[in-house]
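Note that these values count all heavy atoms, side chains included, but never hydrogens, waters or copies made by symmetry. A note on names: the letters A, B, ... follow the listed sequences, proteins ahead of strands, and every chain is numbered from 1.
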Amino acid sequence: MEYKITMPQLTDTMETGKIVRWLKKEGDFVEENEPILEVETDKAVMEVPSFRSGVLKEILVEEGEEVPVGTQIAIVQTEIEKKEETTPKETKEEKEEITISIPQESQEEGQKLPEGTASPSAKRLARELGIDIKIYQEKGLLPIPAHEKDIKELFYKNFFDKDALELIKRYSLSLEEIVKHLKKEKITKKDVLEFIQENNIPQILPISDIQLKVIENLKKSTSIPVFHIYEQIKTGNLPKVEDITLTVWIIKILGDTMQNHYRTRVKLEENIYKIYPNSNICIAVAIEEELFMPVIKKVNKKTLREIALELKILKEKAQSKRLSLDDITGSTFSISNLGMFDILSFDAIIPPQRVGIVAIGTQKRGKTKVTFSFDHRVINGREAALFVDEFKKRFTDTDYLNNLKEEPLNKDLSQS
Amino acid sequence: MLYREALNKALDEMMSRDSSVVLLGEDIGFYGGNYKVTEGLYARYGEKRVIDTPIAENTIVGTAIGMAIGGLRPVAEIMTVNFSLIAFDQIVNQLAKIRYMSGGKITLPMVIRMPQGVAKQLAAQHSQSLERLFASIPGLRVLVASDATTAYYGLKFAISTDDPVIFLEHLLLYPEKMEIEEEKHFSPYRARIKKEGEGITIISYLKMLHDTLKAVPTIEKELDTTCEVIDLCSINPLDVETISKSVKKTKRLVVITEEPKTGSYANEILNKVLEEVFYELDAPPLKIGAEDVPTPYNRTLELASIPTPEKIAKQIIIWGRKHGI
Amino acid sequence: MNKSYAEQFYYLMKLGRVFELRAKEEYMKGNIGGFLHLAIGEEAVHVGSVLGFGKGDVFVHYREHVYALAKGIEPKYIMAELFGKITGVSKGKGGSMHLYDPKFNFYGGNAIVGAYIPHAVGTAFARKYMGDTTGVLVAFGDGATNSGNFFESINTASKWEVPVLFLCENNYYAIGTRIDRVSPFVDLYKKAKDYMPAKQVDGMNIFEVFDAVKKAKEYIESEGKPYFIEALTYRYEPHSITDTGDYRSPRELKIAKEKDPIENLKAIALREGLLTEDYIKFVDDKVKQIVEDAVEFAISSPEPPLEELYKDVFCEVCIDVVS
Ligand SMILES: Cc1ncc(C[n+]2csc(CCOP(=O)(O)OP(=O)(O)O)c2C)c(N)n1
Ligand SMILES: [Mg+2]
């Protein structure tokens, strides 16, 4: 007959016990009630007896181990033939997560509450909003009792049309305030707009990360010593080529001009000038409220069509916010064109790490005003003047322009 | 560290700092305390300062009062709160009133420490929470130590204040492992926000605080809200401000005690807080407590008689659904 | 001393011992919870006093299994109570410390030290008031003699002249505190001797306990006055199921165990021819069987249904008073 020794419950609060020492070895004989092991509990170390005499057949849990109360820890082989030991009940492991069952819809409907019943805070809100809880409850539009969230919901549904709610959300307005202010049955977008104007409420727009970068860069730019050259170029006589916009012409002509003026291909770094061989130009592109500066590289080597196609791709990428780092780095000169906005002339800020920018106004009677800004640390006045002069002259050099126009479509454009 | 060791540390530090601090109680000296709170102190401070008393609770409190009059700062241990009932004349008629009756001329800087609550199958006479009794006696400060931090700092404060303090511990917390959090500034009479939330404010303390924290994830999941759990820390005075502030935010209040619901200390909390926040409430406050019966011995009945994490979760969820959460 | 008494002594003491050891085993298995105060070593006092007292009400402390058995409560109902089952003497609501059965004049089972001593005085008053001269037995530990309840009760009983037998079981310890740490003297009968006849007996010898109690009972009933007996004894087990400290030396325990009341009885009774080896063997087997059956009964008994939680708080729900 086997007698199972389990981790004993030794105190009223004990849940687990640690085996400190076995006082008997396997094979030893134990008397009834003779101590067989020492156990450490939540209170102290205590001796535990075997309640049957017999031979300690097997030790199942070693010294130093901690096990829950009720775990079998040893077997004593008893000689006395007796009826089956009652197996100790399984001690349930203390679960960390609790499990509960909730009666779905405890429908112990007591007597019905009268209309007009609502929580204190619901009543207060309703009062502020001028809602008569009782009337809406009678119509079945509010539950009984009504809670704050019911009043709010009713409010959304009944007092505002959809567009008005949208506007309210955009301006983060308080519904309660508007209602208090407007005191109307149904509030429309127009009402809200009036409210906004009357109270001169600003719309708060979070600034995107990219835009924050732009702002930061622009801030840096303002610390650069800058000078300007104002000129007028003839753009009315450019050859007509399908799909080639004025911007593309300007990019190409600027790129070619830059080839003869190395200082426009410089990047200023600490104590050195880095002079790049190619004319890489960035173009300011505004998408909704954000400004991007994608770069067209090696303009000097590209045809008008290639430039046009690349510009299109870059604009699309900007639109879908897919511009890569490579797409926006590596230029030395910039173009900002506000020609499409009927602006005569303006002054652009040099983006950081660029030596200059040309701001392009609108074409009037075949002429377009351009404003060049230069970083004086890289380019001096004379150099700038020569550069601008050549740029200007190219617009009237028909051979050159026709030549550009003739050029066939180049091979692959996979690089863009 | 164990909860009981945090108490021991506080006693030890106060004793080493001030020789007028003496301990007295049953089995606290040579034996080390029935729940081991005073373990090692007898060896360190001797029998003159760690005094084994006869089983005479009335006399324990009475002599402690006399010691306080005589210039000592006694810390009396009543083995469990159940036996404090024997000392009620001393506590209620003497301890709570002497300062007032003497026009403030006599102060009684002393502490009565005792564990309370339902442990495991100790039956009716050994399974009670009695904070409501102490709370309702003007002249007694009543603190509840729900974790090692409040146990440690709270007890040190209780010993150093000149007011008489009833310091309540919980039987089931003694062997619990917890740490004392470093506190630069400890406000003994302030409730502590154990967990922040937006939808329901739940007040509890001692073992119920731990059960509440176990129930909270289920409640939050089922009701799709968040709970703010507050450890009351002080029964008298009651920190109405902290609770009201929380309820103004959540608009819903639940108070959980281990006392039987009728006349429980939850009533006092609800009353005082409701006076402040009534118009802000979005649901009737919920009181969770033990059944109005003496605690039974049988484990199943015993668990049925007191709040458990499961029952707390269930009651709050049903209540929440009924009241528009 | 006659043979049938000796047989009863042996049977009840052995039953108590085996019952409690089995209860301890079941506790360790987790079938019994809470506190479990064992009287192993003290059986001579518990059995000897109940038998010596005979008819009459009994009030005792939380270490009361053997008193209850000696009073005649069936082991299986006690075991079922320890298991917290509905078939237990207190329907599973009281547990080890709260065995009650008025059918056997047994009034607990009390977990508050000393609190029930005045109950015994009051019950004796009531019995006397109603013309019943039967005495009341109240037993308590050495620790309890330091309580106000004790002192107040001996004074009151003495003044009221009620038939109470105060039985102090001096086992020298109150939990982990030895009596001399908390009492100016250790001969505890001295605490009562100016109020009533007071006597000290060897509590490890059941004959001595029995005789003293029997005489005391005769005294209280014939005189209608209280009496005090201090029985020197020893508990072999920790205070409750466990202790948290070593406050007794192994040597002290060993000496105490050499005076084992059951062995003591066996030796005397065999010597004097009051018991036979056969009878002893018969009883040993018999009580084992009884206790096994009690455990079996407890295990197979149902748990109290949930409604029980709310029952027994009051006698009636609510009644109107009609004049
Ligand atoms: C009024 C009261 N105080 C304290 C306790 C805790 N307690 C339980 S038993 C005990 C010791 C009692 O010793 P004693 O009277 O000698 O009885 P014994 O346990 O030795 O049989 C104590 C202090 C209690 N139950 N009641
Ligand atoms: Mg004793």
Check your understanding: Residues of residues 76-84 of chain B under 4.5 Å from chain C (heavy atom pairs)?
Key -> B/Met79, B/Phe83
Check your understanding: Side chain, backbone, both or neither: which part of B/Glu57 has an atom under 4.5 Å from a heavy atom of chain C?
Key -> neither
Practice item. Taking salt bridge (Lys or Arg N to Asp or Glu O under 4.0 Å) as the test, write out the residues that go with B/Lys311, two or more places apart. Key: none
Review point. Using non-hydrogen atoms only, which part of B/Ser305 is less than 4.5 Å away from chain C: side chain, backbone, both, or neither?
Key: both
Study note, to complete from the structure: From the list B/Gly29, B/Ala119, B/Pro54, B/Pro296, the residue making the most non-hydrogen contacts under 4.5 Å with chain C is B/Pro54
Exercise for review: Go through the steps to decide whether C/Leu82 and C/His65 satisfy the test side chain to side chain contact (heavy atoms under 4.5 Å, CB included), and finish with yes or no.
Suggested key: CA-CA 10 Å; C/Leu82 305 193; C/His65 310 135; 3.8 Å; yes
Review point. Under a 4.5 Å heavy-atom cut-off, does chain C meet the side chain of B/Asp27, its backbone, both or neither?
Key: both
**Study point:** Geometric class of the C/Tyr236/C/Tyr234 ring pair [parallel <30°, tilted 30-60°, perpendicular >60°]
**Key:** tilted
Review point. Any idea how B/Tyr3 and B/Tyr174 line up, ring-wise: parallel (<30°), tilted (30 to 60°), or perpendicular (>60°)?
Key: tilted
Review point. Quick one: of C/Ile112, C/Val313, C/Ile179, who has the most non-hydrogen atom pairs under 4.5 Å with chain B?
Key: C/Ile112
Check your understanding: Less than 4.5 Å apart, any side-chain heavy atom of B/Leu95 and any of B/Met110?
Key -> yes
Check your understanding: What orientation do C/His119 and C/Phe59 show, parallel under 30°, tilted 30 to 60°, or perpendicular over 60°?
Key -> perpendicular
Study note, to complete from the structure: Okay, C/Asp312 and chain B: the region with an atom under 4.5 Å from a heavy atom over there is neither
Exercise for review: Tell me the residues of residues 145-158 of chain C whose non-hydrogen atoms fall below 4.5 Å from those of chain B, in number order.
Suggested key: C/Asn146, C/Ser147
Check your understanding: What part of B/Leu85 lies closer than 4.5 angstrom to a heavy atom of chain C: side chain, backbone, both or neither?
Key -> neither
Point to revise | Which portion of B/Glu291 sits near chain C, non-hydrogen atoms under 4.5 angstrom | key: side chain
Check your understanding: Residues in side chain to side chain donor-acceptor pair (under 3.5 Å) with B/Ser129, at least two apart?
Key -> B/Glu258
